[in-house]
Amino acid sequence: MMTTRSSRRVLVSAAVPLGVVALFVTAFGSYRAFAATQAQAAVQSPAPAAPAIPRVYANITATPQGQLIFQPEGRPVLIEAVRPPVWTLAQVRGNPRGTADGIALDFGRPDFNGTLVFGLLPYADTRYPQPVYRASVPISGGKAEINIKTSITERYDMVGWAKAGSGVLGYRVISQTGGMIYDGRVRFKGLGPFEVAVTMIEGPFVANVTPTQAVIWFQLDRPALCSLVVGTRTVPCREGEARQELTIDKLQPGTDYAYRVQYGGNEEAYGFRTAPAPGSRKPFVFAYASDSRGGQGGGERAFSGPNAYIIRRLMAVAMDRKAAFMQFTGDLVGGYASSPDALAFELANWRRAIEPQAHWLPVYTTMGNHDSIQREFSGEAVPPIRIDRFPFETESAEAIFAREMVNPENGPASEDGAALDPDPNAIDFPSYRRNVYWYQHDNTAMVVLNSDYWFAPTIAQTPRSGGNLHGYLMDQQMAWLDRTLTALERNILVDHVFLTTHTPVFPNGGHVGDAMWYRGNNAPRPTIAGTPVAKGIIERRDDLLTLIQSHPKVLAVLTGDEHNYNRMRLDEMVPIYPEGWDKPRVPLKRPFFQVNNGAAGAPYYAQDVTPWSAAVRGFSTQHAICLFYVEGLKVRLETVNPETLEVLDRVVLR
Ligand SMILES: [Fe+2]
């Protein structure tokens, strides 16, 4: 879903005050003219670092002082608005340190007052260790102290820390107005005085499970000796790194494995099951949802980024139904961040919400429009522009997503090499690493697409910046999809192919004005270096439909973005074109399904009227998780409200 963050504090960087730019504009007619006259001076005295401006953007320049501005020919200047993150992950973790009586936390913000709730984490009596909150202390002036000696001893010491001289505390940071900020973890050592021991602050998470290997990843509070143990085999951690991604290979298909992560003299034990040998065609279940960004209702429904309450319910249902994996397609968090730190913080809260079950169950993710980081340019009396943040290698939404999430890496490289690529010899676009990919479980393949790649929220209104349109699958991604579907079609071990993309191919409620429809307007499209690409959004939708038609294993497209559940069977009888459409039409000779489930926690949308409304089934604004039961050549779908466990929909798909 699209939102603006106009309510946030906007600071125009002091490097070039607006008045100074206005003066240049008056004196020279345009800032560009001024910049040209200053070019030589800039060479002689290098400016403070303005990032290199990717050539896929247009009309963006840097002042000699390092300020970025946007100014199309003959238009007013827009200056980059700098929005510091409200919180960074480093701040909310609270920099814990041991004291005589417990653990002191410092959130690095003297203006912050709130409440710290804490309790011990029991590991011995559950598969899903979570803190049992026991007490709270005020956070005042950004600081708080947990007194271990007086709060969690004797009848409250269910982990026996007083005997062992060590334990793990979970702590929850809550604002003065009750806003949920962060759930942290700290391992302490001693009986008083206390010190902070090596702590696994996130994970371990299971990822990328195949018939013969799996990835286990986690984050320690510092680089420390650690290892992954599976059976008799040990995979050592990479030295000197606090965040670890460890691959265990040479496993047997369809087998349960226990694993242990050893770190700092401690150990945590969980497990995973390898995927079956491809084509064994044994029944299995997988779960699907999207759009879990924070909702209304307070508490864990608005957990600084995600709707942690509903995510926790979804994961519990997925595990209870013995899902082999969970596919989650975009808008994980509220996002629309203005810095990598801001997005990283929200994604950490999302990971915390999936964590109990994600110790055991792989969760595959991709991006939506909300999982974005922007540079915003604003001026007086003109609408702002917002584009994917650069440098792309380090600050784009795609770069941060790849750093913060673990997914397969078998997708296309980037949009480099496409028709309008400004420089065939350089990397000018963000990466598709970990946001476009495919994976297989037995006889089923999931092809994960990114319809919010290189996302520029304002591109439909201001095409002259360069950037991609919400809902648009760009050329190189489409070429990769074609190759991938062709290979899957030839693969005799694969019976069913699912596509998943954040934006619906056929929106029905909330995104009829964009997604892949734009109310039937084909004009919106990405621009590269300010030049519009050849095909509009509906022509591109039709390219996708053509691929679906020519690859009969494709059973369904799993979408989100619209915060509701519904499904459609698409065939020749369903009208899919705007009135007066004068371009070629794709006949839907081969029926397929669209299953939309953007009901994982974000605020709901009601149903809209579209040409295909009569084909919509099961529309619901209840929160939902889709469970696909694959039984050999058959596939059926059960959609469940994760809060009440009510079955919302049941249908045989194949
Ligand atoms: Fe969305």
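Start at 1 and go down the list; that is how both ligands and their atoms are numbered.
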Report summary line: Residues at least two apart in sequence or cross-chain that pass salt bridge (Lys or Arg N to Asp or Glu O under 4.0 Å) with Glu646, listed by chain then number, are none
Restricting to N/O/S atoms, is [X] within less than 2.8 Å of the Fe ion (ligand 1) or not?
{"X": "Glu562", "result": "no"}
{"X": "His502", "result": "yes"}
{"X": "Asp452", "result": "no"}

**Report entry** Inter- and intrachain pairs under salt bridge (charged side-chain N to carboxylate O under 4.0 Å, His left out), touching residues 454-463, at least two apart
**Finding:**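 Sorted pair list comes back empty.
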**Report entry** OD1 (Asn369) to the Fe ion (ligand 1) to OD1 (Asp561) angle, given to the nearest 10 degrees
**Finding:** 110°
Report summary line: The N/O/S atom of Asp331 lying closest to the Fe ion (ligand 1) is OD2
Report task. Decide if the gap between the ring center of Phe328 and the ring center of Tyr288 is smaller than 6.0 angstrom. Result ->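 Between Phe328 and Tyr288, the centre distance exceeds or equals 6.0 Å.
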**Report entry** Polar side-chain atom of Arg434 near backbone of Met405 as donor-acceptor pair, under 3.5 Å
**Finding:**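 Yes, Arg434 side chain to Met405 backbone: donor-acceptor pair under 3.5 Å.
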Query raised in the report: How are the rings of Phe506 and Trp612 set relative to one another: parallel (under 30°), tilted (30 to 60°) or perpendicular (over 60°)?
Result: perpendicular
